[in-house]
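This report refers to the structure that appears directly beneath it.
Sequence positions, counted from 1, serve as the residue numbers for this chain. Keep in mind the model is a prediction, meaning the values are calculated, not measured.
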Amino acid sequence: MLFETWGATQAEITEPIVGDELIPDATLVATRSIDCDARPAEVYPWLAQMGFGKAGWYSYDLLDNLGRKSAAEIVPAWQVVEGESVPGGPIAFTAVIARPGEAFVLAIQRNLLDFTLAFELRADGEGTRLVSRVRARLRFPGGRIVERFGLGPGDGIMVRKQLLELQKRTAR
């Protein structure tokens, strides 16, 4: 799958990260990683303010924020805490794990769709190793095909851009 393991080490790909337990039977698993030149506590607020109509997703704004530019600064009012809804466009995520400086996990868990977007922030010297993992299971006829040829590649392209933009925003 295109960008399935972009930037990730073999250890990051194979070891569990926060949120994996939410979809133990995932049929789509993709791990992407990047180094950020900021400490985990400085990277986390960028993650915690993500969302459609808020800070955006730091990806291709035309596609995932209706052309509105993703935030270029931290906005305290947009900091999400565990249990809050995070707008994702036509559907909303829930911030199921929100641990400042450590981890941020968004989830959609419905009858036909289980999807998590997890970020684990690992201290790495003076910076952060940001490990992202998507886990999904589409529970409808043809779901595996949609995962393999639609959701997987599309998500990979978007998350790669998201990580690159987060790296830029957190550069010192």
Side-chain angles (χ1 to χ4, degrees), residues 7-8 12 15-34 36 38-61 63-66 68-123 128-139 147 151-152 154-170:
E12 291 166 342
E15 65 193 20
I17 75 164
V18 65
D20 281 356
E21 69 282 358
L22 297 171
I23 308 176
D25 61 345
T27 49
L28 170 66
V29 178
T31 305
R32 294 90 175 211
S33 304
I34 200 163
C36 295
R39 296 175 194 260
E42 298 167 313
V43 176
Y44 181 86
W46 292 98
L47 299 172
Q49 70 181 16
M50 291 188 303
F52 178 78
K54 293 176 26 172
W57 297 98
Y58 314 117
S59 190
Y60 296 99
D61 292 326
L63 297 175
D64 64 15
N65 211 27
L66 292 181
R68 182 174 171 228
K69 295 277 185 202
S70 290
E73 60 188 30
I74 302 296
V75 178
W78 288 343
Q79 296 298 299
V80 171
V81 297
E82 198 166 301
E84 284 189 16
S85 179
V86 176
I91 55 177
F93 293 89
T94 300
V96 292
I97 299 171
R99 290 187 226 138
E102 296 177 24
F104 190 66
V105 181
L106 299 174
I108 299 171
Q109 293 181 292
R110 300 197 174 165
N111 292 339
L112 300 177
L113 168 67
D114 290 326
F115 182 92
T116 57
L117 175 58
F119 296 93
E120 194 168 270
L121 299 99
R122 301 175 179 179
T128 301
R129 183 71 174 162
L130 182 57
V131 180
S132 169
R133 179 163 297 151
V134 165
R135 293 179 66 86
R137 181 168 186 112
L138 304 181
R139 300 176 191 278
E147 289 171 4
L151 179 60
D155 174 75
I157 291 167
M158 300 301 280
V159 172
R160 177 185 173 276
K161 173 74 167 166
Q162 178 184 54
L163 293 176
L164 289 167
E165 290 297 320
L166 284 164
Q167 182 184 53
K168 284 183 202 174
R169 284 168 170 77
T170 59

- prompt: Do Q109 side-chain atoms and L22 backbone N/O form a donor-acceptor pair below 3.5 Å?
  reply: yes
statement: Separation between CD (E15) and CZ (R133), nearest 0.5 Å, reads 7.5 Å
- prompt: Heavy-atom count around N111 CG within 6.0 Å, excluding the residue itself: above 12?
  reply: no
message: Quick check for you: to the nearest 0.5 Å, what is the distance between K69 atom NZ and D61 atom CG?
response: 6.0 Å
query: Would a distance-only check, ignoring hydrogens and angles, find a side-chain to backbone donor-acceptor pair under 3.5 Å from Q79 to P45?
result: yes
task: Drop me the distance from R135's CZ to L28's CG, to the nearest 0.5 angstrom.
output: 9.5 Å
- request: Ignoring hydrogens and angles, tell me if any N or O in the side chain of R68 forms a donor-acceptor pair with the backbone of A55 under 3.5 Å.
  value: no
- prompt: Ignoring hydrogens and geometry, is there a side-chain-to-backbone donor-acceptor pair from N65 to G53 under 3.5 Å?
  reply: yes
field: Identified side-chain contact (heavy atoms from CB on, under 4.5 Å) counterpart of R122 within the set T128, I17, L130
entry: I17
query: In terms of ring plane angle, is the pair F104 and Y44 parallel, tilted or perpendicular, where the classes change at 30° and 60°?
result: perpendicular
field: F119 and its side-chain contact (heavy atoms from CB on, under 4.5 Å) partner, picked from V105, L163, V18
entry: L163
task: Any chance you could measure I23, atom CD1, to D114, atom CG, to the nearest 0.5 Å?
output: 5.0 Å
message: Check whether E147 reaches the backbone of L138 with its side chain - one donor and one acceptor, N or O, closer than 3.5 Å.
response: yes
task: Walk me through it: do R32 and Q162 pass the test side-chain contact (heavy atoms from CB on, under 4.5 Å)?
output: CA-CA 10 Å; R32 294 90 175 211; Q162 178 184 54; over 6 Å; no
task: Calculate, to the nearest 0.5 Å, the distance between atoms CH2 and CG belonging to W46 and L166 respectively.
output: 8.5 Å
message: Apply side chain to side chain donor-acceptor pair (under 3.5 Å) to residues E165 and S70 and explain how you reach the verdict.
response: CA-CA 9 Å; E165 290 297 320; S70 290; over 6 Å; no
